[in-house]
A.B. asks: 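This is the structure I want to talk about, given as structure tokens.
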Amino acid sequence: MFTAFKDPSVLRRDFLASLVVFLVAVPLCVGVAVASGVPAELGLITGIVGGLVVGALPGSSLQVSGPAAGMTVLVFEAVSEFGLAALGAIVLISGLLQLALGALRFGRWFRAISVAVVQGMLAGIGLVIVLGQLYAMADTTQPSGGLGKLAGLPSLAVSVASGGTALTAFLLGAGTIAVLVLWPRLPARVRVVPGPLAAVGLATAVAALFELPAAKVEVQGLLEAVQPPGLGDFADLAGMAAIGTVLAFTLIASAESLFSAAAVDRMHDGPRTDYDKELMAQGVGNTICGALGALPMTAVIVRSAANVHAGARTSLSRFLHGLWLLLFAALLPATIGAVPLAALAGVLVHAGCKLVPVGDLGPLWREHRGEAVVLGVTALAILFTNLFEGVLLGLLLAVCKTAWETSHLHVEVRELTGGRLVAALTGNATFLRLPKILERLEGLPQDRPIELDLSGVRHLDHACRVALENWALRHNDAGTEPVRLLHLAPAGPGAPEAPTDPAAQPPAVSRA
């Protein structure tokens, strides 16, 4: 970070980039907080910690941390179940766990998570955000659960169509989305202002100019919003549900941060991310956020991309963006109170839609159908259950898919002179393929000599070994030569080699 002060051109680039990131971060920090069901100031506090603390720590030099839309669903569920006072305790414990994982060098292992599961997680989060924020766009209370939100859409449409406050607010949100969609197509000199800031600013100006009856963000002050957790809040987290929530915060925040780091590394040619140090930096940030009772933080790809594209060269830009957030929250808190909730909901609907990889689904289905299934199941599971259970189901499905694909086995039967049959197995013989193996072997004639050739088997698990031996013992008729097992590996560590003399075999099975 301090290297920027040695080169005026780098210092200028980092300074300008920090302003761009700050302008992008303000509406997103406030919007994520409101959507999470907590005071707007808590989102700004998390953004400030992400800039001033995590921005000064080693790990990734250019990615920016703060409250993320990807954690909105989990935070909302946690606040609904355990209360706002317990949020700080959950985030603090999650931060300590991240520190421990980073110290134990677990950072690199987060890169082993299936990409389909991560995409499915983001898609599921996007769907939940979109469905929930559609109600917020109409200043209407959203139902609980994914099914409830889906079932309530017809009544929401009727409420909006009937006019009144719901229609006014919904049009403000829809206008915000329209600005966000059209903004990248405008001339470059106009796009100097970040799209989210322009969209929210225009919606706020319209609401104020025409005195529209739309709900506004409630402001209570930065210091008043800080609620450090007490000992009782930690004691309330002893149940299994709370432990599951803490683990979900830890794993999802860590995975999102490290996947974001990998994406940001592809955007620039500067220093690469040290994943273990970045995980520890996120842990420090979340520990401090938890102590302040604020939202959890992750590395955020939208702000990080804005930082890179604005020309940042060192971590000074992300540190300064935290300083600008602090000055804004301290000096201009009333500005937040003028923002319509529908405008923030529109920003989050736009962000949620971008989390759903609609354009990638077709090619993924054609080229990697199993990955597409994992993605879809993970997303729908998150929508209809919750984030933690949906991700667990996706991981389980990904492991099962991998196990099935790696257990490829081919059974070939050929006839030798004299009527002897050879059944040759090639591949990985696991219990997953037992039905196919036994169906083919049991279809062989019982009145002819048979050799079972296992020389092409790369892996033979215990279940397959026992099943093959039992088949060989009982398959042939009494008057037919016993089945011969060729090249059968030892049963386990320390087991004797399979004998090669047929006379040394049990009466019903001969091995070579």
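The analysis underlying the following values was restricted to heavy atoms, covering all of them including side chains, and did not include hydrogens, waters or symmetry mates. Each residue takes its place number in the sequence, starting with 1.
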A.B. asks: So does Arg272 have more than 12 non-hydrogen atoms from other groups sitting under 6.0 Å from CZ?
C.D. replies: yes
A.B. asks: Do you know the tightest heavy-atom contact between Gly47 and Pro67?
C.D. replies: N-CD, 3.7 Å
A.B. asks: Can you tell me if Ser317 uses its side chain to pair, donor with acceptor, with the backbone of Arg313 under 3.5 Å?
C.D. replies: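 No; zero donor-acceptor contacts below 3.5 Å.
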A.B. asks: Enumerate the residue pairs fulfilling side-chain hydrogen bond (donor to acceptor under 3.5 Å, both in side chains) with a member in residues 18-44, sequence neighbours excluded, ordered by first and then second residue.
C.D. replies: Ser18-Trp324
A.B. asks: Can you tell me which residue pairs pass the salt bridge (Lys or Arg N to Asp or Glu O under 4.0 Å) test with a partner in residues 366-383, sequence neighbours excluded?
C.D. replies: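 For residues 366-383, and leaving out neighbouring residues, the salt bridge (Lys or Arg N to Asp or Glu O under 4.0 Å) pairs sorted by first residue read Glu371-Lys401.
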A.B. asks: With a 3.5 Å cut-off and no angle check, do the side chains of Gln282 and Thr298 form a donor-acceptor pair?
C.D. replies: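 Result is no, nothing qualifies.
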A.B. asks: Check whether any side-chain heavy atom of Leu375 lies under 4.5 Å from a side-chain heavy atom of Leu361, and answer yes or no.
C.D. replies: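 The answer is yes, as the side chains (C-beta and beyond) meet within the 4.5 Å cut-off.
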A.B. asks: Is there a side-chain contact between Val91 and Leu295 (heavy atoms, below 4.5 Å)?
C.D. replies: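 They are not in contact (no side-chain heavy atoms under 4.5 Å apart), so the answer is no.
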A.B. asks: If you draw a 6.0 Å radius around CG in Leu231, do more than 12 non-hydrogen atoms from other residues or ligands fall strictly inside?
C.D. replies: no
A.B. asks: Would you indicate whether the side-chain heavy atoms of Phe76 and Ile129 approach each other to under 4.5 Å?
C.D. replies: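 The answer is no, as the side chains (C-beta and beyond) never meet within the 4.5 Å cut-off.
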A.B. asks: How about Leu326 and Leu44: do any of their side-chain heavy atoms sit closer than 4.5 Å?
C.D. replies: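 Leu326 does not reach Leu44 side chain to side chain.
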A.B. asks: So Leu131 and Gln142, do their side chains get closer than 4.5 Å, heavy atoms only?
C.D. replies: no
A.B. asks: If you look only at pairs with a residue in residues 15-39, which of them pass as a salt bridge (Lys or Arg N to Asp or Glu O under 4.0 Å), with sequence neighbours excluded?
C.D. replies: none
A.B. asks: Checking side chain to side chain donor-acceptor pair (under 3.5 Å) between Gln63 and each of Arg303, Arg318, Glu278, which is the one that passes?
C.D. replies: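 Only one of Arg303, Arg318, Glu278 forms a side chain to side chain donor-acceptor pair (under 3.5 Å) with Gln63, namely Glu278.
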A.B. asks: With sequence neighbours excluded, what pairs up with Val246 under the side chain to side chain contact (heavy atoms under 4.5 Å, CB included) test?
C.D. replies: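 Side chain to side chain contact (heavy atoms under 4.5 Å, CB included) check on Val246 returns Ile90, Ile93, Ser94, Leu97, Thr250.
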A.B. asks: Please answer whether the main-chain N or O of Val374 pairs with a side-chain N or O of Thr378 as donor and acceptor at a distance below 3.5 Å.
C.D. replies: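 Yes; at least one donor-acceptor contact below 3.5 Å.
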A.B. asks: Using the test side chain to side chain contact (heavy atoms under 4.5 Å, CB included), find all partners of Leu57 that sit at least two apart in sequence or belong to another chain.
C.D. replies: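 For Leu57, the residues satisfying side chain to side chain contact (heavy atoms under 4.5 Å, CB included) (neighbours in sequence not counted) are Val53, Ala281, Val284.
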A.B. asks: Using residues 191-200 as the side-chain source, report each donor-acceptor pair under 3.5 Å to any protein atom, sequence neighbours left out, with the distance given to one decimal.
C.D. replies:
unit_1	atom_1	unit_2	atom_2	d
Arg191	NE	Pro184	O	3.4
Arg191	NE	Leu186	O	2.7

A.B. asks: Is it the case that the side chain of Asp274 and the backbone of Gly59 share a donor-acceptor pair, with hydrogens and angles ignored and the cut-off at 3.5 Å?
C.D. replies: no
A.B. asks: Out of curiosity, Leu87 CG to Asp233 CG, how far, rounded to the nearest 0.5 Å?
C.D. replies: 10.0 Å
A.B. asks: I need the minimum non-hydrogen distance between Ala294 and Thr46, along with the two atoms involved.
C.D. replies: CB-OG1, 3.5 Å
A.B. asks: I'd like to know if the side chain of Thr273 reaches the main chain of Tyr275, judged simply by a donor and an acceptor atom lying under 3.5 Å from each other, with no hydrogens or angles considered.
C.D. replies: no
A.B. asks: Does any non-hydrogen side-chain atom of Ile243 lie less than 4.5 Å from one of Leu237?
C.D. replies: no
A.B. asks: Are Val20 and Asn307 close enough that some pair of their side-chain heavy atoms sits under 4.5 Å apart?
C.D. replies: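 No, side chains not in contact.
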A.B. asks: Taking atom types as modelled, is there a side-chain donor on Asn286 or Gln98 under 3.5 Å from an acceptor on the other?
C.D. replies: yes
A.B. asks: Will you find, in the side chains of Thr165 and Asp139, an N or O donor that is under 3.5 Å from an N or O acceptor?
C.D. replies: no
A.B. asks: Measure the spacing between NZ of Lys354 and NE2 of His350 and express it to the nearest 0.5 Å.
C.D. replies: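 Atom-to-atom, Lys354:NZ and His350:NE2 are 5.0 Å apart.
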A.B. asks: In terms of heavy-atom contacts, does NZ of Lys216 have more than 12 from other residues, nucleotides or ligands at under 6.0 Å?
C.D. replies: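 Atom NZ in Lys216 is packed in, count exceeds 12.
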A.B. asks: Does a side-chain heavy-atom distance below 4.5 Å link Leu74 with Glu77?
C.D. replies: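 Side chain of Leu74 against side chain of Glu77, heavy atoms only: contact under 4.5 Å found.
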A.B. asks: Are the side chain of Lys277 and the backbone N or O of Pro58 linked by a donor-acceptor pair below 3.5 Å?
C.D. replies: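 A pair under 3.5 Å: no.
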A.B. asks: So, the side chain of Ser65 versus the backbone of Met297: is there a donor-acceptor pair under 3.5 Å, distance only?
C.D. replies: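 Side chain of Ser65 to backbone of Met297, a donor-acceptor pair under 3.5 Å: no, none is there.
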A.B. asks: Minimum heavy-atom separation for Tyr135 and Leu153, please, with both atom names.
C.D. replies: OH-N, 3.2 Å
A.B. asks: Please report the shortest heavy-atom distance between Ala372 and Leu364, naming the atom on each side.
C.D. replies: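 Closest approach of Ala372 to Leu364, heavy atoms only: CA-CD2, 3.7 Å.
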